[in-house]
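What follows is a single structure, written as structure tokens, with notes after it.
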Amino acid sequence: MADRNEIQRVAAAALSFKSNFYQLLDNPTRRAELAQVYHPGASCLMEWNGHALNTPEEIAAYLNQLPKTNHQIDTADAHPLPGCEGADSILLTVTGRVTYDSEHRREFFQRFVLRKTEPSSSKLYIINDYYRWLSEKSV
């Protein structure tokens, strides 16, 4: 079981990751950079509203065709995965609202499984990403 310091360290790493991820996602000129945070060795890297994307290249192509987005985060929750001490694996859950092209606003849920591939590295990679719209709201 993770101690308090471990949970705080995981939370800080996950919150930093979350901020960077959504800044890139909401910037159409930088979205392609997101492909670098998906670990190429994982299977079924992303499921985006029913679209299974299995490689970083497929993910980049899919994300690049999205219209301009603006994500507003309501909640973010991170926990170390059991048996993965040292913040080697993290479960990050995010909820919020996303607006597409300043018109279509939706609530969303996103769950990431993040992992450091090298113990001495601080870089987290996505090994699984599940994104789902929950509802559509009028603007």
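Heads up: numbering here begins at 1 and tracks the sequence. What's counted below: heavy atoms across the whole structure, side chains too, no hydrogens, waters or symmetry copies.
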Any side-chain heavy-atom pair from [X] and [Y] closer than 4.5 angstrom?
X: L124; Y: I90; value: yes
X: Y100; Y: K68; value: no
X: F109; Y: Y130; value: yes
X: N54; Y: L45; value: no

Nearest-0.5 Å distance that lies between atom [atom1] in [X] and atom [atom2] in [Y]:
X: L25; Y: N20; atom1: CG; atom2: CG; result: 12.5 Å
X: I59; Y: M46; atom1: CD1; atom2: CE; result: 5.0 Å
X: N128; Y: L114; atom1: CG; atom2: CG; result: 10.0 Å

Pair V98-R105, side-chain contact (heavy atoms from CB on, under 4.5 Å): steps then yes or no: CA-CA 6 Å; V98 58; R105 190 170 112 187; over 6 Å; no
Give me the atom names and distance for the closest heavy-atom approach of [X] to [Y].
X: L34; Y: L63; value: CD1-CD1, 3.8 Å
X: R115; Y: S89; value: NE-OG, 3.0 Å
X: E47; Y: R132; value: OE2-NH2, 4.1 Å
X: Q110; Y: W48; value: NE2-CZ3, 4.2 Å
X: A11; Y: A78; value: CA-CB, 4.3 Å
X: R31; Y: P67; value: NH2-O, 2.9 Å

When clusters are formed by joining ILVMFWY residues with side-chain heavy atoms under 4.5 Å apart, either directly or through shared neighbours, do [X] and [Y] land in the same one?
X: L92; Y: Y22; value: yes
X: V94; Y: L24; value: yes
X: V113; Y: Y125; value: no
X: F112; Y: L15; value: no
X: I126; Y: L53; value: yes

Does the pair D129/R111 count as a salt bridge with the N-to-O cut at 4.0 Å?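 No.
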Between H51 and Y62, how do the two ring planes meet: parallel, tilted or perpendicular, split at 30° and 60°?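 Ring orientation, 0 to 90° scale: tilted.
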T29 backbone acceptor or donor facing N27 side chain under 3.5 Å: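 Answer holds: yes.
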Pair F108 + W133: ring centers closer than 6.0 Å: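 No, they do not, as the ring centres are separated by 6.0 Å or more.
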Is the closest side-chain donor-acceptor distance between D26 and T69 under 3.5 Å?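 Note: D26 and T69 side chains meet the donor-acceptor criterion.
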Intermediate values then yes/no, side-chain contact (heavy atoms from CB on, under 4.5 Å), T95 and E107: CA-CA 7 Å; T95 64; E107 294 177 332; over 6 Å; no
